[in-house]
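Letters go in sequence order (proteins before strands), and every chain restarts at 1. Please read these numbers as outputs of a predicted model, since none were measured by experiment. Below, each value reflects all heavy atoms present in this structure, side chains not excepted, and no hydrogens, waters or symmetry copies.
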Protein chains: 2
Amino acid sequence: MSAGRDSTKTKTTIIYSAMNLFAKNGYDGVSVEHIAKDANINKAMIYYYFKNKATLYETVVKKLLDDIQKTIKNESAKCQNPKEELKSFIYTFASFAQKNPHLPSLMLAELSSGGKNLPEDMFAGLKKIFSLLNKILKNGEKEGYFVEVIPIVIHFMIVGTINLFITTKDLRQRVQNEFDGDVCDDCDVDTIARYIYKKLLKMLQGE
Amino acid sequence: MSAGRDSTKTKTTIIYSAMNLFAKNGYDGVSVEHIAKDANINKAMIYYYFKNKATLYETVVKKLLDDIQKTIKNESAKCQNPKEELKSFIYTFASFAQKNPHLPSLMLAELSSGGKNLPEDMFAGLKKIFSLLNKILKNGEKEGYFVEVIPIVIHFMIVGTINLFITTKDLRQRVQNEFDGDVCDDCDVDTIARYIYKKLLKMLQGE
DNA sequence: TGTATAATTAACTAAATAGTTAGTTAATCG
DNA sequence: CGATTAACTAACTATTTAGTTAATTATACA
């Protein structure tokens with residue numbers, strides 16, 4: 001910072017406004033003008049810090065994917081065996097997704113269109129997350145903790161369930177009187193994570 | 001049809017072009033002009049048959065939701081007990097989703113934004129599908145087939161997994177050499193449905 | 001056969017959009 | 001202090017967008 005004003009602050013503001021709006025409305029549902037207004041900055045600043053709208057979007061999604069992947073990896077390192085690692089994967093993903101509810105939205109939005117416009121390095125981020133679980137399952141199988149499974153299906157069960165649970169928070173609350181506890185409107189994400197782990201163990205252990 | 005040309009044919013053409021494009025690009029990712037060109041009709045025809053873009057979108061999604069809900073209900077009627085009903089729910093949803101891959105895309109897209117712009121009757125369609133599964137699980141529990149579960153989580157496990165499996169078809173094929181069979185790129189949806197049912201039974205039966 | 005009317009079209013409007021540009025402010029440092 | 005430069009702004013362009021309208025075509029039916 002040799003001259004001028006606080007650039008990192010502005011850039012961060014842009015990223016967080018963009019993250020919030022992209023998660024709620026999708027890439028095409030948000031205008032650059034809209035992001036600028038939300039961030040209380042001039043629209044041209046977005047083009048000063050980012051090449052274009054697509055680059056800003058990629059920055060936002062890539063940041064979230066990198067963050068969660070690193071978080072899972074760190075937590076996994078503290079574990080002693082595949083069973084603990086699986087637990088850690090589920091709990092960490094759930095907890096991160098709760099703290100960053102934009103991730104589930106953006107992940108589902110991206111996958112819903114079949115990755116038609118998915119840039120290569122965003123795709124790489126998704127692959128890394130699956131790769132972490134895949135290794136856990138493979139190790140667990142080799143060491144006799146788990147039975148053989150189809151890893152991608154288990155992955156979709158965990159990630160799909162947690163993502164949907166988070167994105168439907170408001171919707172589930174809207175129907176609580178209609179479905180009582182069936183819709184788990186009062187559950188927090190930790191409860192769900194524990195539940196998914198418990199149920200998943202039954203799948204992975206019983207032959 | 002007292003005068004004029006074939007109206008139902010035109011309307012149907014519009015609906016199917018819209019379904020295809022909305023599923024691939026989302027609501028905001030498709031222009032009315034784009035739909036018109038794809039359907040080989042004049043843009044004004046869309047406004048002749050539908051009030052506006054939002055109404056066309058609702059028509060498309062509602063049709064898919066109604067269709068699948070009726071299909072599941074019909075198949076369920078042929079079953080003798082909750083176990084069969086659950087199997088039927090999973091198989092029928094999977095098979096419908098394969099034949100109509102736009103449904104998973106649109107469902108995930110809609111849920112990814114937290115139903116922010118979800119019209120009431122589209123929401124009702126989603127609720128009906130959950131309601132069918134909820135009854136199956138509740139009955140199964142009462143009649144001693146299943147242990148007590150959190151219905152919405154089981155629902156997300158089934159629907160989330162199948163939806164992701166279908167929308168990621170191309171993506172999974174792109175990485176088959178990287179992950180071998182782990183990504184199940186050669187599996188058909190029936191295989192996955194059978195697999196999910198088998199694994200789910202373990203959750204629902206063992207205490 | 002002619003007329004009523006449903007189906008269709010081309011051309012339009014007003015607003016929103018992504019992206020640009022030329023100029024302005026403010027901080028830093030010699 | 002004053003020049004350099006990074007940070008910022010207002011105003012612009014060209015394109016795309018949802019939606020409208022007035023005129024036109026085609027068909028059934030009396």
#### Entry: Any side-chain donor near an acceptor of the partner, B:Thr55 and B:Asn52, under 3.5 Å
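Judged by distance alone, the side chains do pair up.
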
### Query
Between the side chains of A:Asn74 and A:Lys70, is a donor N or O closer than 3.5 angstrom to an acceptor N or O?
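Per modelled atom types, A:Asn74 and A:Lys70 side chains form no pair under 3.5 Å.
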
Check the distance between [N]'s [atom2] and [X]'s [atom1] and give it to me in whole angstrom.
X	N	atom1	atom2	answer
A:His34	C:dA16	NE2	P	13 Å
A:Asp28	C:dA16	CG	P	18 Å
B:Ile35	D:dT16	CD1	C1'	15 Å
A:Asn52	D:dA14	CG	P	20 Å
A:Asn40	D:dT9	CG	C1'	14 Å
A:Lys43	C:dG19	NZ	C1'	6 Å
A:Lys37	C:dA16	NZ	P	9 Å
B:Ile14	C:dT8	CD1	P	8 Å

### Message
By nearest heavy atom, map A:Tyr48 and A:Ala44 onto DNA chain D; which one lands nearer the 5' end?
### Response
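By nearest-heavy-atom nucleotide position, the 5'-most residue is A:Tyr48.
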
### Query
Within 45° of the six-membered ring axis of A:Phe89 and under 6.0 Å from that ring's centre, is NZ or CZ of A:Lys87 located there?
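Geometry flag: not set, cation outside 6.0 Å or 45°.
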
### Message
I want to verify a distance call: between C:dT8, C:dA18, D:dA7, whose nearest atom is closest to the A:Tyr47 side chain?
### Response
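Nearest listed nucleotide: C:dA18.
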
Kindly say if [X] contacts the phosphate of [N], meaning a side-chain N or O under 4.0 Å from OP1 or OP2.
X	N	answer
A:Ser7	D:dA6	no
B:Thr10	C:dA7	no
A:Ser31	C:dT17	yes

### Query
Nearest 0.5 Å, what's the CD-CZ distance between B:Glu75 and B:Phe93?
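The distance works out to 14.5 Å.
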
### Toward the 5' end of DNA chain C, by each residue's nearest nucleotide, B:Tyr49 or A:Val32
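It is B:Tyr49 whose nearest nucleotide is closer to the 5' end.
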
### Query
Can you list the steps and then say if A:Glu120 with B:Arg174 is a salt bridge (Lys or Arg N to Asp or Glu O under 4.0 Å)?
CA-CA 11 Å; A:Glu120 199 52 45; B:Arg174 244 165 83 183; 3.1 Å; yes

### Message
For D:dA10, does the base pair up with any side-chain atom of A:Asn42 as donor and acceptor (N or O, under 3.5 Å, distance only)?
### Response
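Check passes, donor-acceptor contact within cut-off.
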
